[in-house]
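Read the numbers this way: they start at 1 and go in the same order the structure lists the ligands and their atoms.
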Amino acid sequence: MSKQVEKIKELIAKREQARLGGGEKAIEKQHARGKYTARERIEMLVDAGSFEEYDMFKLHRCTNFGMEKKQYLGDGVVAGSATIAGRLVYVYAQDFTVNGGSLSETMAQKICKVMDMAMTMGAPVICMNDSGGARIQEGICALAGYGEIFERNILASGVIPQISAIMGPCAGGAVYSPGLTDFIIMKEQTSYMFLTGPKVVKTVTGEDIDAEHLGGASVHATKSGVTHFAAKTEEEAIEMIKSLLSYIPSNNTEEAPRVECTDPIDRMDDTLNEIIPDDPNQAYDMYKVIGAVTDNGEFFEIQPKFAKNIITGFARFNGQSVGIVANQPAAYAGVLDVNASRKAARFVRFCDAFNIPIVSLVDVPGFLPGTGQEYNAVILHGAQLLYAYGEATVPKITITLRKSYGGSHIVMGCKQLRADLNFAWPSSEIAVMGASGAVAVLCGKEAKAKKEAGEDVKAFLAEKEQEYTDKFANPYQAAQYGYIDDVIEPRNTRFRICRGLAQLATKRQSLPAKKHGCMPM
Ligand SMILES: CCC(=O)SCCNC(=O)CCNC(=O)[C@H](O)C(C)(C)COP(=O)(O)OP(=O)(O)OC[C@H]1O[C@@H](n2cnc3c(N)ncnc32)[C@H](O)[C@@H]1OP(=O)(O)O
């Protein structure tokens with residue numbers, strides 16, 4: 001055997017060793033926990049044979065607490081480039097079989113390398129988390145490593161899409177990397193995210209809580225809104241990443257991939273002409289409207305279980321990717337509150353950063369009143385949504401279906417927030433507030449006097465409410481001032497959106513020169 005062939009054999013052996021991560025026993029343990037390894041996850045995610053791994057032979061340099069004996073080729077992260085549906089992506093997966101996937105200085109260098117390449121190439125970064133956090137034996141060097149990653153997350157924000165899948169532990173300051181990315185997907189039961197674990201919580205606050213209830217997928221998908229998706233299996237989590245990528249561009253200078261449209265753009269849906277109930281206080285399901293207007297009724301929802309009173313997600317019109325923001329009358333009457341505002345604001349900002357037009361479907365009775373909201377800064381969170389809409393320069397089409405009252409009317413993509421096309425259904429009511437509230441303010445004194453005089457106050461109020469309804473519970477006052485561009489037949493909504501998007505394809509709009517705005521937070 002020649003020396004060269006010997007060296008090649010050595011290389012192959014080293015590669016095989018590196019591919020074993022923390023070793024066969026550790027892999028068995030990982031599988032026994034119901035988890036895939038880092039390499040298996042990458043293999044499931046990317047196009048077959050497309051993964052090009054970097055730094056497979058990199059080693060940590062720590063000698064504290066016997067770390068010199070815990071050396072594994074590549075250390076605790078597998079990183080490189082690949083393609084998904086033929087599009088370039090950069091990917092890294094923390095390897096729990098190697099020192100619990102804990103982050104060393106060396107691992108941070110590997111991660112930063114792929115993040116830097118992703119920025120240079122203008123390609124998304126996908127991270128799969130499964131780690132015990134900063135490697136304790138490395139002290140400040142591990143913390144510095146996180147600092148390097150966070151800074152890159154921040155600089156990449158709004159330039160390339162960043163997606164985090166949480167497949168295992170993600171605790172302490174480590175949560176801030178996924179927290180800085182655009183989308184988080186959590187695997188149910190095996191993953192959790194929290195700043196301080198159950199033991200510390202018990203010591204500091206006395207609260208008795210387990211990891212799942214403190215920071216599991218179910219908590220973050222429904223209560224905190226930290227995660228955008230909860231997946232039952234790792235396979236499902238990976239499919240979600242692929243679907244998500246199909247709707248978004250690779251970077252902020254590109255458009256989202258356009259797909260061939262098999263659904264006629266002028267398809268009318270007669271059910272929409274009957275969907276609004278006669279009783280203005282009766283709910284209907286906004287998902288039915290979304291399904292009736294989008295290409296093939298498809299909708300990829302973001303944060304489906306959080307703040308259900310507002311719906312956010314991606315769909316396509318004539319093959320073009322759009323972001324949909326829709327009030328949901330079937331959940332708390334579609335009212336805006338703290339969580340709905342921040343959910344929608346974040347989504348609108350993502351769409352704007354990545355050139356994805358926004359279609360808003362409005363049926364909003366107002367902001368939720370009360371101390372619960374005011375004490376939690378509904379003013380600031382509502383302002384966030386207002387800010388996001390007002391700042392967005394992508395094509396914006398707003399359809400008012402029914403109610404659009406007061407401050408919430410302004411917030412939800414009104415004309416003055418530079419929406420390009422504002423359409424209203426004939427059933428829409430665009431006013432400062434609903435009839436009963438308005439009459440109580442306008443005619444309260446008169447009603448009181450009538451009551452004292454023994455007159456029929458109920459009839460008086462009903463008459464005034466009717467007068468108010470006749471004047472304001474329609475789209476024509478707004479249309480009269482040009483604040484609504486057209487009143488449209490509901491069944492024709494799909495066509496009007498498709499035609500509108502085609503018209504707005506060349507939209508160019510800018511913001512005043514500034515370092516950055518001071519968005520209310
Ligand atoms: C930016 C600031 C931060 O990251 S602060 C967060 C610091 N990290 C933490 O507090 C979590 C520490 N780790 C843990 O609590 C547990 O290891 C968790 C993650 C819950 C996993 O538990 P379990 O599934 O039972 O695995 P295990 O403890 O046997 O760990 C497997 C091997 O990994 C190691 N490991 C884990 N975390 C770290 C770490 N942060 N630094 C160094 N090593 C770590 C464990 O020691 C264990 O190693 P070995 O297999 O015994 O050689």
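Residue pairs meeting the side-chain hydrogen bond (donor to acceptor under 3.5 Å, both in side chains) criterion with at least one partner in residues 85-107, sequence neighbours excluded, are D75-S104, R87-S250, D95-T97, S102-R135.
Residues passing the salt bridge (charged side-chain N to carboxylate O under 4.0 Å, His left out) test with D352, sequence neighbours excluded: none. Checked against side-chain contact (heavy atoms from CB on, under 4.5 Å), P304 has the following partners two or more places apart in sequence or in another chain: E301.
Taking the ring axis of F96 as reference, the NZ or CZ atom of K35 stays within 45° of it and closer than 6.0 Å to the ring centre.
The closest side-chain heavy-atom distance from R19 to R15 is below 4.5 Å.
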Is there any protein N/O under 3.5 Å from an N/O of ligand 1, and what does the full list of such pairs look like?
residue	atom	partner	partner atom	Å
ligand 1	4 (O)	A134	N	2.8
ligand 1	8 (N)	G132	O	2.7
ligand 1	24 (O)	R33	NH2	3.2
ligand 1	33 (O)	G100	N	3.0
ligand 1	40 (N)	G132	O	3.0
ligand 1	40 (N)	A134	O	2.9
ligand 1	41 (N)	I136	N	3.1
ligand 1	52 (O)	K70	NZ	2.8

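A distance of 7.5 Å separates OG of S408 from CG of N327, quoted to the nearest 0.5 Å.
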